Every structure is written in C-alpha cells, then in structure tokens.
Amino acid sequence: MSIQISNLYFSYSSSNSTLFEDFSIQFFDGWTCIAGSNGCGKSTLLKLIAGLLEPDSGKISDLGVIYCPQETADIPENLYTAFWSDDNEVRRFFSRLCVTEEMLERYDTLSGGEKKRIQIACALAEQPSVLLLDEPTNHLDSATTKMISDALGDFHGIGIMVSHDRGFADSLCSRTIYLYNESHSFAGGRDCIVYDVYPCGLTKALALRQEGQEQSRGNWEKLNSKATWEKQRSAKLEAENQRSKARLSKKVINLNDHDAKRKLDVARISGKDRTSGDAKARLETQIRQTETERDNIKKSLRRKEGFSLANTDFSKAIIIEESQIHAGSYTLQIPHLEIKRGTKLALSGQNGSGKTLFVNHVIGLLKASGREKELLYLPQEISDEERLQILQDFSSLEEDERGEVLSTLFRLGSEPGRLSTDPQSSPNNKDSNRKEQTQLSPGELRKLMIALAVQKPLSLLILDEPTNHMDITSVLALEKALAALECPMIIVSHDKAFLEKVTNTSLVAERSSESTGVLRNL
C-alpha cells in the first residue's frame, strides 16, 4: 500500500509564488518523518494528503486518512462512540494511552498532554490506512511522549509525521523527507519546494544532509579554484603567445637583413610560433569542461549561525539558598545552587513536579535583587499582549538596531523578510502590528523575542521548552548558538538531544507525594 502524489501544484491565494510546483512523491507502509524550515510546506502537505486543502492541479491517491493537527482544543468527533465501543480492539487504544472516563468529563480542563493522548487514541481507534501527525510531542513530558511512541509503534499502516523531536521521530521513523525551498538552499535554485529522501530516522538524516551540503560546497569550490587557475594559466599563455608573435614579426627587421628574415621563416615553418597558441587552445577547452562540471554541482548556500550577548558582565553569580518553596498545598525542596558564568542547567521532570515553581522562584530572586533587566525569560506560551509588545519593541528600534535583530533572526534559521519589508511597520501603527502578529508563527515570535533580548546585557537566560513551535532548522541553529555562549542559563525541556548539546549539568524535579517534591542536582 502506498500514497502517490503526482505532478502536484499548489499555492495560497495570498502568496505571489507557487509553493509546490510539479511535485511528486510516494509514501509507503511504516512511519515517515517530514522535516524542514518554517514555511517549507510541511503542514500544508499533510493537509493536502488529508483532503483539507485542494491542489491547484495534480493527483493525490485517495485512502482512508486520519489527520491529527497540533492543536487539541477541539474534542475528537469519535471520542464518546469509540470510548464506549463494544469492540475491545477499539477500546484498547484508550486503555493503552491511560484515557479514563473521568478525563472525558472534564476535557476542557485537561493538560495538553492529556488531550494529545485522547486525540491519538481516537485516531488509532478508527484503524485508518493513513495516519498523519503534526508536531505530536509539543508540550509533552518524557513519560507521555514514551507512552504515545509505544502506542504508535503498533500502527501498521502508512504513518506520516511532521516533527522536530529527534528522539521521538527516531523511535518510529525509518524514512525522512526533508522539504526545502530550492532557491534558499542552492545557488540558482527554483523558488519552490523540493525534497531530499533519507532512508533513516531524523537524527541520521540531518547528519547526512549536513555532510552532503559540505561535500557539495567543497566539490564546487575545488572545481572553481581549478577553473580560476586554468584561466590564469591561459592568460599567461596568451601573453607568451603575443610576445612570440612579436619576436617573429618581420616588421621589426631591417629590410636589407635577409639572414634574419630567413631565420624567422624557418621558425614559422618549424611551428615554434604555434606552441603557446596550441597550448592555450587546449587549455580553453579544459576550462570549458571544468566550468561545466562545476556548474552541474548544486552549490549549497552557507548561512551564518550563532550570536553573542552585548557587553555582559558575568562576575555576579546568582546564589539560591537551600530552602522549601510553596505553591498552594505543594512544597518543593530545593538544594543550594550557585549559577555563574558557564553554568548551563537542564531542568527536567514530569509535568506537575515543580519545574515552573522553581523557575518562578529564581525570577523572584532576581527581581528582589534589582537584576530583573539582566534576565531573558522565554515562557512556553506567549500571550496576545506579549506578542503585541514584542512587535512594538521591534518596530520602535533605530535602523541599525533593527538590522542587528534581523541578522540574529537569520542566524537562528529565519527568513526575516516580512519584518524588514512591511511598509506599515511602525511603533504607532497598531493595525500594522496586528497584521504582523497574524503573519508570524509562534516559533518566529519566540526567535524574535530572543533576538531582541540579546541586544542588551544579560546575566541569565531561562528558556521554558524553547524548541516548542520551532522547525528543525531553527532548533539546530539555536542549539549551536546556546552551546557557544558563556551566559548562565536554565533550560526546561523534554528534548534530550537538545539538552545534551547545550547543557552541562542537570536538575530533576521529582514528585515524592501529592503534596511534596524535591529538586535533585545530578
């Protein structure tokens, strides 16, 4: 069984360019991961397969498809009929994902992880031929992610997921499709979405992709250097040829010097005057061959990465005394901690164990000591008011400051053209800000918040699930940037691959009972 997409064309009415142009691909049984940057059409492709969007032209084979979007606010249509089904084969998915009757009665108050378990249980209960998942692990703790991964591992149809979670994708996917805009990736590429296929999970696919990019750049530059050398050699031969012609010219010989004329005639007959010219002709042929070979290579474009913090003084450490902190009836025991230059804490633990409580405690300590302006706190979710403020802060910057922010955005994997070219972008134009707010994705807003913050001195970064809503390109760029910084940081994340690359010490929040927990320093 397979899904065949043939000669697909698709563009949004609001866009001046075609997203998919003569796009053909096939999906087979088993799990496939779709990865790529924001705007490369990952979610759009899922919606086209699901029939939620109509292609401009082309063909998509029609199979029984269930689509699970990122959002879980809406109750799945088959929730109650499937949960109360007489078919044990249907009900087992709810048992497997620990969905209880009590959860059904209070759906609106469930956590994001609980709603995601219900969404996927309902999808599996339909026993579809094709299951589509869009970023299924956003906001999930490690225990819930493992539960969902195990349940999806028993799915035997065509599974297609969009995911930046390398651990989750690797656990299920044996094939990775990487989508990208060809013009953004290769010199002379088309302004439409193309793809590369890797017969492996996401982590290995990303490594293979990077190796391929470096190899293509290396081969192109090697041939370009060869062509340059050959052109320089050709120029020298041309100069030598001109000197030879000048030496063999009778114009510089006295009309009565018959002996000199005879020697020139002998030189011409023997071919001495053709040696450099023949070598140049052969070299010109070689130059054309070298340039053709070079131009047949897709030269991968290199983008700058990383950023630095402005004039930051790391001499003042942040001291957290051993104590107990409280939230309602819950008490969290925390150890003595010293957060100083180079300290990069990974804060993990199941949802509800006290991670947010500890983060709020640290923020409170900085506020109490008058150091709040030295903090960048990136929350899991950005409210509408915060989004508007972020955009207003950007719009009010001087031109050179805006340039620095846009440069940082680019280094974080964004294509910041919308922010830099919007003619209505001004600090006093509220309608403009609302327009930009609808255009920028949550991931882009989070990167803009980081880009704005690093323009000022910072003593501590607190990032709560920083990779949520970010595409894999941005995750890798942020990973490299944070790994290179000396600024102290606390990172709350369930992304093990991200934490392994960025952090150097671990804190784990563990719930020992309903009302108590402890923060352990590993």
Side-chain angles (χ1 to χ4, degrees), residues 3 27 29-35 42-43 45-47 49-52 63-85 87-175 201-202 350-351 465 467-469 494-495:
I3 295 175
F27 294 93
D29 284 341
W31 282 101
T32 297
C33 178
I34 299 179
K42 302 184 299 294
S43 296
L45 184 59
L46 290 191
K47 291 176 181 177
I49 295 172
L52 300 176
L63 297 171
V65 177
I66 293 292
Y67 169 64
C68 293
Q70 291 188 47
E71 301 77 18
T72 56
D74 295 333
I75 297 175
E77 293 181 1
N78 68 329
L79 172 57
Y80 300 106
T81 56
F83 184 83
W84 296 112
S85 172
D87 188 342
N88 290 332
E89 185 66 17
V90 170
R91 293 196 60 183
R92 72 183 179 90
F93 295 109
F94 295 95
S95 176
R96 180 101 186 247
L97 288 164
C98 300
V99 177
T100 65
E101 180 180 349
E102 181 268 340
M103 292 168 63
L104 272 61
E105 295 173 353
R106 58 178 187 89
Y107 186 87
D108 290 340
T109 63
L110 296 177
S111 68
E114 290 170 325
K115 288 180 179 178
K116 181 59 69 173
R117 278 156 45 199
I118 289 176
Q119 182 193 62
I120 290 179
C122 287
L124 291 172
E126 291 292 299
Q127 299 179 309
S129 299
V130 182
L131 180 56
L132 311 177
L133 306 177
D134 196 349
E135 294 291 3
T137 61
N138 271 352
H139 308 295
L140 303 188
D141 60 29
S142 55
T144 303
T145 299
K146 178 66 165 56
M147 188 186 303
I148 289 175
S149 175
D150 289 344
L152 293 173
D154 289 338
F155 176 71
H156 298 299
I158 300 173
I160 307 173
M161 69 170 69
V162 170
S163 180
H164 68 264
D165 187 328
R166 285 160 284 181
F168 182 79
D170 289 345
S171 69
L172 291 168
C173 299
S174 58
R175 187 169 181 249
L202 179 57
Q350 293 189 8
N351 292 342
E465 296 292 355
T467 61
N468 274 356
H469 303 297
H494 301 295
D495 188 332

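Remember, it's a predicted structure, so these values are computed and weren't measured experimentally.
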Would a 4.5 Å heavy-atom cut-off, applied to side chains only, mark [X] and [Y] as touching?
| X | Y | result |
| --- | --- | --- |
| Met103 | Thr100 | yes |
| His156 | Asp29 | no |
| Trp31 | Leu133 | yes |
| Phe27 | Val130 | no |
| Leu52 | Leu46 | no |
| Thr72 | Glu114 | no |
| Ile148 | Phe168 | yes |

When rounded to the nearest 0.5 angstrom, what distance separates [atom1] in [X] from [atom2] in [Y]?
| X | Y | atom1 | atom2 | result |
| --- | --- | --- | --- | --- |
| Leu132 | Met161 | CG | CE | 11.0 Å |
| Phe93 | Leu152 | CZ | CG | 10.0 Å |
| Phe94 | Arg117 | CZ | CZ | 12.0 Å |
| Leu110 | Lys116 | CG | NZ | 13.5 Å |
| Arg166 | Leu202 | CZ | CG | 7.5 Å |
| Ile49 | Ile160 | CD1 | CD1 | 4.0 Å |

Task: Results of side-chain hydrogen bond (donor to acceptor under 3.5 Å, both in side chains) for Gln127 - residues two or more places apart only - done: none
Task: Residues in side-chain hydrogen bond (donor to acceptor under 3.5 Å, both in side chains) contact with Asp154, at least two apart in sequence or another chain - done: Arg96
Which atom names give the shortest non-hydrogen contact between [X] and [Y], and what distance separates them?
| X | Y | value |
| --- | --- | --- |
| Phe83 | Val99 | CE1-O, 3.5 Å |
| Thr81 | Asn78 | OG1-O, 3.2 Å |
| Asp170 | Gly201 | OD1-C, 3.5 Å |
| Val65 | Ala50 | CG1-CA, 3.9 Å |
| Ala73 | Tyr107 | O-CE2, 3.6 Å |
| Ala143 | Gln350 | CB-NE2, 3.8 Å |

Open item on the list: Under the rule for side chain to side chain contact (heavy atoms under 4.5 Å, CB included), what residues qualify as partners of Pro69, not counting sequence neighbours?
Closed with: Tyr67, Glu71, Gln119
Task: Donor-acceptor side-chain pairing of Asp141 and Thr144 below 3.5 angstrom - done: yes
Open item on the list: Using the rule given for side-chain contact (heavy atoms from CB on, under 4.5 Å), can you reason through Thr145 versus His494, listing the C-alpha separation, both sets of side-chain angles and the distance that settles it, and then say yes or no?
Closed with: CA-CA 9 Å; Thr145 299; His494 301 295; 5.6 Å; no
TODO: Check Pro136, Ser149, Cys33 against Leu172 for a side chain to side chain contact (heavy atoms under 4.5 Å, CB included) and give me the one that passes.
DONE: Ser149
Open item on the list: Test your reading of the model: is there a side-chain donor-acceptor pair from Thr137 to the backbone of Leu140, 3.5 Å cut-off?
Closed with: no
